[in-house]
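Since this is a predicted model, take the numbers as computed values, not measurements.
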Amino acid sequence: MRIVPNTAAGDPQTVFYHRCTIDLARGTIDIGDVPCRNLEEVLGGFGRSFQYLAARDVRDAFATENPMVVNTGLLTGSNVMTGLRTYFSAYSPLKVSNKGLPAAMWSAGSGKFGSKLKWAGLDELILENKADRPVIIVIRESDSGPQVELRPADHLLGKYCHEKILTLYAEFPNAHFAAIGPAGEHYEACYFAAIALSTENLLKTGDDKCRWAGRGGMGAVLGSKNVIGIVAEATDRLAKLTPETRALNKEIATGPGSRKFREKNRGGLGGTWANYEPLEQFHMVPQNNFRPTGDGTPALMFRDALEDDFVIKAESCYRCGINCHKNLYERKADGSKGAFRAKFDYEPLNLLSTNAGVHDPEEVWPLVALIDHLGMDSISCGTTINYVLDYNARHPDAPVFNGATFGDADKIRELIEQVGTGQLPELGQGSKRLSEQLGETDYAMHCKGLELPAYVPDTNPGYPWAIAGGHMSMATYMLVAMEGDTSLDYWVKAITERGLLVVRDDLLGLCKFAGLNAEAAARCLGDEIGLHVTREELLAAVKRAFIRALWLERKQGYERDDYTMPAQVFDRPNPAIKAEPFVTREFFAALSDRVWEVFDREIANLPPVEDEATS
């Protein structure tokens, strides 16, 4: 990134980012500076990539005209703690309108790949068309700028994600990596394939401790281009910490914003895993395909219930003091740490245990680990399998696939293995298409084709307006448990004024777990990068990026009917949930009218974006 001395917020064209465009079919590589057209492009992430995607007419996510944009945020690779994010953006095979058109999507991951990409000299990588054979992309720093080449990837085919990364690490010991697994290699049969990102912990131990760009099938899009992995090799480039950034990092590591994700012995709440306990107080932990029963079984997956049988270690991404990873290890007879088992975040843990009717952690961790090995999004894979289990429980005389139902860990494992190796394309296309084919859509837990995370929709009418992951791009999923307000006025504001701002860090390159307030985020852009923007300018750019994403959904055929909830929420209120069943059809219709009144106006007022060729 290059900033010409000026007031960048007032004149974004004084900021240039370094882009590499590869035509995979021709093997041509073009590298150059691109001037930013607005503040969203300066900040980066999906704020920039969605403007690139908006210029494309894409009707099939696996068509060659669907580009893959790999980029970073302005703070990726900086000294700001958690400034590690990489963004993968494309039209999604999974998120589709009722007209069947793919929607723009991004997925973000941490690890050290994004920092290495930036240190190698690139802010953005655009992949056009499709290679005629499996390749890896190798990006290296040099005195004359980034050097980029394509190399054969046949030796990587069939390997698990972390095995691919370790193989590449042996060839490129000063690099970090992005790679797809077997699921991405079988992209036409697994739409929720993910992209694995390497971590220092993985490279040091050899354990499968990848970070993930999971949502929306970005691994499937990368696989459709015959790109098996990306190598970013560069010397670490970290300047001396300024007093301002040192103080900010201390706030991130110890302050209230990250408290939820830190260990209890460091003043935290224990990580995303700890969501089990407050949600269970209200019987809001998903069970048996998002249908809590109030029978107390979620407590079997509380962290305290597993402490005697496993060693649980809090580990971290590169130079991060939050230590949000809760890694599960074998507990030996003497109490010492044994072999690594799996990483237990709340979403994969719930969706493959309590929500699948599996309550033995010794049966659960192999399911979590297998999804990671094969390179799939645990949310979409888990939620789609949960639908299958529910369907089979309702149709014991005519089940689908292998007849798996709730609690059958062996058959669930079989489904995971088969879908991740391309053997179950009907399951691999996701819950929207599968439920439509089976003729039972009411209990398919998705919005706009993207599977719901592990938070019941009965208490979150904000899901339909999420523009990417249901809880990472619309922060309304915990509001009933935390604030308890179910009024219409409250929810209109929650969606149109509060919930959408969670995407801020998907421009900046920060992890949401840092919990920075808007004032601190704006200030650190000046302290660390030299980009001086006000809090108000930053939030306005974030909102424009969100509204542009809604406009882009309309471009792909989304209409009012696409923005709805699973019908079971309306038609079968769950009496076990300790909250007013407020998400009725009448409430949602009124909410939709009010929300669209706001968003329609903002879409109409969205400033036009000048064509790149004339900017």
Side-chain angles (χ1 to χ4, degrees), residues 1-3 15-24 27-37 40-53 67-78 83-90 106-129 131 135-151 168 172 174-179 195 197-198 211 213 218 221-222 225 227-239 318 506-510 528-529 531 612:
M1 212 88 180
R2 181 164 60 89
I3 302 177
V15 182
F16 295 78
Y17 60 96
H18 213 48
R19 173 198 281 173
C20 172
T21 302
I22 303 178
D23 185 325
L24 294 162
T28 59
I29 298 170
D30 180 61
I31 301 175
D33 280 346
V34 182
C36 295
R37 294 171 291 182
E40 297 91 286
E41 288 200 334
V42 174
L43 298 175
F46 89 96
R48 186 190 307 143
S49 63
F50 271 33
Q51 295 183 64
Y52 189 86
L53 295 176
M68 166 67 78
V69 182
V70 184
N71 67 9
T72 55
L74 196 54
L75 292 171
T76 302
S78 72
L84 301 167
R85 305 293 267 180
T86 310
Y87 306 99
F88 297 83
S89 304
W106 84 90
S107 190
S110 289
K112 201 176 177 182
F113 173 79
S115 298
K116 287 284 190 178
L117 181 66
K118 183 166 282 190
W119 295 333
L122 288 182
D123 300 298
E124 187 163 274
L125 174 67
I126 295 179
L127 306 180
E128 299 281 8
N129 297 316
V135 298
I136 59 170
I137 300 168
V138 180
I139 303 163
R140 289 172 142 163
E141 67 173 340
S142 77
D143 292 340
S144 58
Q147 302 297 306
V148 182
E149 63 176 316
L150 303 178
R151 293 191 183 185
L168 290 170
F172 304 97
N174 195 32
H176 271 261
F177 314 92
I195 299 172
L197 300 173
S198 60
R211 301 303 290 158
M218 296 299 100
V221 176
L222 199 59
K225 296 187 172 300
V227 175
I228 307 304
I230 308 173
V231 178
E233 186 174 62
T235 303
D236 290 4
R237 298 180 182 276
L238 290 168
Y318 178 62
D506 292 312
L507 285 78
L508 298 181
L510 296 179
E528 187 70 11
I529 305 297
L531 177 73
E612 273 195 9

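- Under 4.0 Å is where a charged nitrogen must lie from a carboxylate oxygen, and between E128 and K225 no such pair does.
- Taking the side chain as every heavy atom from C-beta outward, L117 and I139 approach each other to under 4.5 Å.
- Taking 4.5 Å as the limit, every side-chain heavy atom of L150 sits out of range of all side-chain heavy atoms of I136.
- Counting only distance, with no hydrogens or angles, the side chain of K118 and the backbone of G73 share a donor-acceptor pair below 3.5 Å.
- Between I126 and E124 there is a side-chain heavy-atom pair separated by less than 4.5 Å.
- Ring centroid separation for the pair F50 and W106 comes in under the 6.0 Å cut-off.
- Looking at heavy atoms from C-beta onward, T235 lies in side-chain contact with E141 at the 4.5 angstrom threshold.
- Just one of L127, T21, L53 meets the side-chain contact (heavy atoms from CB on, under 4.5 Å) condition when paired with P67; it is L53.
- Atoms CZ and OG, from F46 and S89 in turn, are 9.0 Å apart once rounded to the nearest 0.5 Å.
- Contact check for Y318 versus L84: side-chain heavy atoms found under the 4.5 Å cut-off.
- Counting only N and O atoms by type, the side chains of T76 and R85 include no donor and acceptor under 3.5 Å apart.
- The residues D33 and R19 are annotated as not salt-bridged, no charged nitrogen and carboxylate oxygen being separated by less than 4.0 angstrom.
- The side-chain heavy atoms of L125 and I230, taken from C-beta on, include a pair separated by under 4.5 Å.
- In this structure, R211 CZ and S110 OG are separated by 6.0 Å, a value rounded to the nearest 0.5 Å.
- A donor-acceptor pair under 3.5 Å links the side-chain atoms of K116 to the main chain of A234, judged by distance alone.
- Here the side chain of E149 pairs no donor or acceptor atom with the backbone of Q147 at under 3.5 angstrom.
- For the pair H18/I31, a side-chain contact is recorded, criterion being any heavy-atom separation below 4.5 Å from C-beta on.
- Of the charged side-chain nitrogens involved, none lies within less than 4.0 Å of a carboxylate oxygen, so that D123 and R48 do not count as a salt-bridged pair.
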